[in-house]
Amino acid sequence: MNFSLTPEAQAYRATVRRIIAEAVTPEAIDRMHSTGTFDVPELTQALAREGLLERAVPGRGGGDPIELWLLFSELEKAGAPYDGISVALMVAGVINAVGTEEQKERIIPTITSGQALVCMGYSEPDSGSDVAAATTRAVRDGDEWVIDGAKMWTTMAHEATWLILLTRTNTEVAKHRGLTMFILPMDTPGITVAPVHTMGTERTNATWYDGVRVGDDAVLGDVDGGWRTMTVALAFERGVMGGTNAGVPLLRHFRAWADEVGLLDDPTVRDHIARTAIDNQVAALLTMRAAWIAATGGLPGLEGSMVKVFATEAYQRAARAFQEAAGPEGLLQFHEPGAAADGFVDYDARHSPVTTIYGGTSEINRNNIAERHLGLPKARS
Ligand SMILES: Cc1cc2nc3c(=O)[nH]c(=O)nc-3n(C[C@H](O)[C@H](O)[C@H](O)COP(=O)(O)OP(=O)(O)OC[C@H]3O[C@@H](n4cnc5c(N)ncnc54)[C@H](O)[C@@H]3O)c2cc1C
C-alpha cells in the first residue's frame, strides 16, 4: 500500500494549510474556547471561496477522495474550530444522498458557499443512544406538517441557518419505521433555542418546537423512512469529518511544554508520549479509510464506528495520562499563570470525555461493531 500523496494532493493540503494559517489566529482559538462556539466564519468562507467546501461534500466532490481526509485532518491538527463546517458538510452529504433535486439545488449551495451552517436535532431529553425512540411529533395538517416537541444537545442551533430534525410521523408501527426527517430554516416560527454549556467549553443547546409548520419540500428522504436518512447521517458523522485526530494537537502541546519544563527525560512521560504518537498514527489510518469510503460514494457505518471508538478513547487516555504527569499545573486553565501547555492539558482532559459521547457513545459503537462485524446477537430492539 502506497500512502504517499500525489503532487495534486500535496498542493491541496498546502492550500488548506495556508487558509488555516491565515484564518485560525490565536484570537480565533481563544474566542472558540471563551464563547463555546466552535466555528470561525472567516475560515468557512475562505475555504468556500477556494471551492474546498464544494469538493468535500461526500459523494459529490470531483477531487481526489483523499481530500476529505486531508481537509479535516489539517483542521483538527491545527486545533481549528471546525464543528460548524463539519456538521454543514455532513448534512450536505445527506441531502446529496437522499434529498430531492429541488432540495439539492436550493440548500447545498448555501452550505458550500460558506453562508449557511446547519444543526442536527436528533437527540431528545429521553432518547439519545436510542435515537429511534424520538417522540417529537410531526402531524399532517392539509398541505402542511405541524411539528411539536423538544430536542436536547442541538449543537450550533444558535448560529445555524438550517435544522435537520428527526420526528415521529407514525405511532402505529415499530419505532424505526415511524420516523421522518425534515430539513427546515432555523428562523421558522415556533422554534426556541436555549444554551447548554459543557465542561469541555463547547456550547450546545436545548431546542423546543411549538406548532412549527413546514411543507412537503422540508421532508428529507421518505415519509416514515427517516431511519434510512438517519443511518446515512450517522455514517458521515463518525470518523469522516473530524473528531478522530484530537490527540495530535494534544501531543504537540504537551511535548513542547514537557521539553520546556525538563520532563522529557522522565521514563513515564516518554512512555506516554510514545504511546500517544502510536495511537495517533493508528487513528489517522482508520480515519483515512472511513473518509475514503465516504468520499467515493460509500457509507462507512462500520468503519466509522471502529475509528470513533479507537480514536476518542485513545485521546481520553492520553489526556488523562498527560494531566497526571503534569501534576497541579495540569489543572490550571487557559490564561492562568503556570498552566501546563498554556492550559491545553486541562482543556483536553475536560474535552476528551465528551468525544466518547457525541455522535454515538463508545458503548453504542461497540454494539455496532459486535453486531455488524463480529456477527454477535443484537443488543436491543
Ligand atoms: C457536547 C455534545 C454535543 C452533542 N451534539 C449533538 C447534536 O448536535 N445533535 C444531536 O442530536 N445530539 C447531540 N449530542 C447528543 C449525543 O449524541 C448523545 O448525548 C449520545 O448519543 C448519548 O445519548 P444520551 O446522552 O441520551 O445518553 P443515554 O442514551 O441515556 O446513555 C447513558 C449511558 O448508557 C449507555 N447505553 C445506552 N444504551 C446502551 C446500550 N444499548 N448498550 C450499552 N450501553 C448503552 C450509554 O453508552 C451511556 O454510557 C451531543 C452530546 C454532547 C455531550
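Source: prediction; values computed, not measured. Note that these values count all heavy atoms, side chains included, but never hydrogens, waters or copies made by symmetry. Note that ligands are numbered from 1 as they come in the structure, with each ligand's atoms numbered from 1 the same way. Positions are given from 1 along the sequence.
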Given R320, K308, R366, the one that forms salt bridge (Lys or Arg N to Asp or Glu O under 4.0 Å) with E313: R366
Polar atom proximity, E363 to ligand 1 (N or O, under 3.5 Å): yes
Check the side chains of T110 and W162 for a donor-acceptor pair under 3.5 angstrom, ignoring hydrogens and angles. yes
Row check, W145 ring normal vs R213 NZ/CZ: under 6.0 Å, within 45°: no
What about W153: any of its N or O atoms under 3.5 Å from an N or O on ligand 1? yes
Distance-only N or O hit between ligand 1 and T154, under 3.5 Å: no
Based purely on interatomic distance, does N367 place a nitrogen or oxygen under 3.5 Å from a nitrogen or oxygen of ligand 1? yes
Record the part of I364 in heavy-atom contact with ligand 1 below 4.0 Å; permitted values are side chain, backbone, both and neither. side chain
Between A157, S362, S123, flag the one that comes closest to atom 16 (C) of ligand 1 by a heavy atom. S123
Is a side-chain donor or acceptor of N365 paired with a backbone partner of G360 at a separation under 3.5 angstrom? yes
For E202, which of V196, T37, D83 qualifies under side chain to side chain contact (heavy atoms under 4.5 Å, CB included)? D83
For ligand 1, the portion of T361 having any non-hydrogen atom under 4.0 Å away: side chain
G359 heavy atoms within 4.0 Å reach ligand 1 at atoms 17 (O)
Ignoring hydrogens, just give me the one of S129, A134, P353 whose non-hydrogen atom is nearest atom 28 (P) of ligand 1. S129
Side chains of T154 and N205: donor-acceptor distance under 3.5 Å anywhere? no
Would L302 end up clustered with M230 when hydrophobic side chains under 4.5 Å apart are linked, directly or stepwise? no
Going by distance only, is there an N or O of M120 that falls short of 3.5 Å from an N or O of ligand 1? yes
Note: heavy atom closest to atom 3 (C) of ligand 1, options T155, V354, T356, V87, belongs to T155
May I ask you to decide if the ring planes of Y347 and F344 are parallel, tilted or perpendicular, using 30° and 60° as cut-offs? perpendicular
Residue pairs meeting salt bridge (charged side-chain N to carboxylate O under 4.0 Å, His left out), one or both in residues 151-162, sequence neighbours left out, come to E124-K151
I need the atoms of ligand 1 closer than 4.0 Å to a non-hydrogen atom of Y122, numbered in the order shown. 11 (O)
Give a yes/no on ligand 1: does G200 have at least one heavy atom closer than 4.0 angstrom to it? no
Taking only heavy atoms of I357, which atoms of ligand 1 are found under 4.0 Å from at least one of them? 19 (O), 20 (C)
